[in-house]
Amino acid sequence: MIRSFVQGEEPYIIQSHYAYYNKEHQFDLSFKQFIQAYAALR
């Protein structure tokens, strides 16, 4: 589902993307750390 971003949802978005990519593509925790660092820059 695509919808507008709502301020304050960052932790949920980061966790849900990590969970998906970990399950489907076996990405490790470094992926979540990368996304957190990227989100901090925005």
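Numbers here are sequence positions counted from 1.
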Side chain to side chain donor-acceptor pair (under 3.5 Å) against Gln26, all qualifying residues, sequence neighbours excluded: none
Asn22 (side chain) donor-acceptor with Asp28 (main chain) under 3.5 angstrom: no
Nearest-0.5 Å distance, CD of residue Gln15 to NZ of residue Lys32: 4.0 Å
Backbone of Gln7 reached by a side-chain donor or acceptor of Glu9 within 3.5 Å: no
In one Ile/Leu/Val/Met/Phe/Trp/Tyr side-chain cluster, 4.5 Å: Tyr20, Ile14: yes
Ring geometry between Phe31 and Phe27 (parallel below 30°, tilted from 30 to 60°, perpendicular above 60°): perpendicular
Residues, nucleotides or ligands: over 12 heavy atoms within 6.0 Å of Phe5 CZ: yes
